[in-house]
Amino acid sequence: MICLENVTMGYGRRTVLDRFSLTLPETGVTILRGPSGCGKTTLLRLLAGLERPEEGSISGIVLGETAFLFQEDRLFPWRTAKQQLTDVLPRQRRGEWHKWLALTELEGEGERYPAQLSGGMARRLALARCLALGGRLFLLDEPFSGVDTDRARRILMGIRELQLPVILTCHDQALLPLAHRVVELDGPPLKLICGDLS
Ligand SMILES: Nc1ncnc2c1ncn2[C@@H]1O[C@H](COP(=O)(O)OP(=O)(O)OP(=O)(O)O)[C@@H](O)[C@H]1O
C-alpha cells in the first residue's frame, strides 16, 4: 500500500497539503480528480520524490522504480518519435518501440519529429515514452490533455489490459468508469472528498 500520513507541504507561504493522509493500493488504475489548482500535481510530485514533505511521511513507494509523466511533454525536438522510445528502452527491449507507439495510436508516425505532431499526438508520444521506461509504478500528470475522449478511453483500456499500475490526474469524466478507483480531491489545502482505501 502507498501511504501518506499527515503530510504537510507548501510553496513559500502557500500551504498545499496540511496534515494530509491517504492510503492507496499500488496496483491497477487510480484516477486523482479535483478542481484545477487543488494540489493534484503537488501530490504526484510528492509521491515521485520530486518534492519532500515538510512534515509527515510517505511509504510504500520505491523511488528508483517510479516513472513520472510531467504535465509538459518534454520531448527532444531533434529526435524522431521512434528515437524518443529507443532512447529510453534498454538494449534487450529496444524492439518494443513499436508496441508503445501502437498502444498510444501513433503507428505510422515513428519517423516524425515532435514539431510535426499535433499537440495531442505529442502528448501521446510523451505518454508512450514514459510507459516504455518501465517501472513498478507510473505517475501520470494529465496524460490525456489534448487527446479526444474516445482515443483516451482506448489507450486507458490498453494500459489496463497490460496491467500497468498507474496513478493519473485527469479532468475527463468519461474516463472515470475505466479506473479501478477514483480519488476525489478538493483544496488547497488538499482535502480528500472520497476514495481513501485504508
Ligand atoms: N512551484 C510552485 N510555486 C508556487 N506555488 C505553486 C507551485 N506549484 C504549484 N503551486 C500552487 O500550489 C497549488 C496546487 O497546485 P497544483 O499544480 O498541485 O494543482 P493541480 O490540482 O495539479 O492543478 P491543475 O489541475 O490545474 O494542474 C496551486 O494553488 C498553485 O498555485
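Remember, it's 1-based here, ligands and their atoms both numbered in the order they're listed. Numbers here simply count residues along the sequence, with the first being 1. These values consider heavy atoms only, across backbone and side chains, with no hydrogens, waters or symmetry-generated copies.
In this structure a side-chain-to-backbone donor-acceptor pair under 3.5 Å is missing from Glu26 to Ile61.
No side-chain N or O of Thr8 forms a donor-acceptor pair with one of Arg19 less than 3.5 Å apart.
Phe68 and Phe70 have perpendicular rings, their planes meeting at more than 60° on a 0 to 90° scale where under 30° would count as parallel.
Atom CD of Glu54 is surrounded by more than 12 heavy atoms from other residues, nucleotides or ligands within 6.0 Å. A 6.0 Å sphere centred on CD of Glu65 holds more than 12 heavy atoms belonging to other residues, nucleotides or ligands.
The line from OG1 of Thr169 to CZ of Arg33 is 12.0 Å long, rounded to the nearest 0.5 Å.
Protein residues having a heavy atom under 4.0 Å from any atom of ligand 1 are Tyr11, Arg14, Val16, Pro35, Ser36, Gly37, Cys38, Gly39, Lys40, Thr41, Thr42, Gln71, His171, listed by chain and number.
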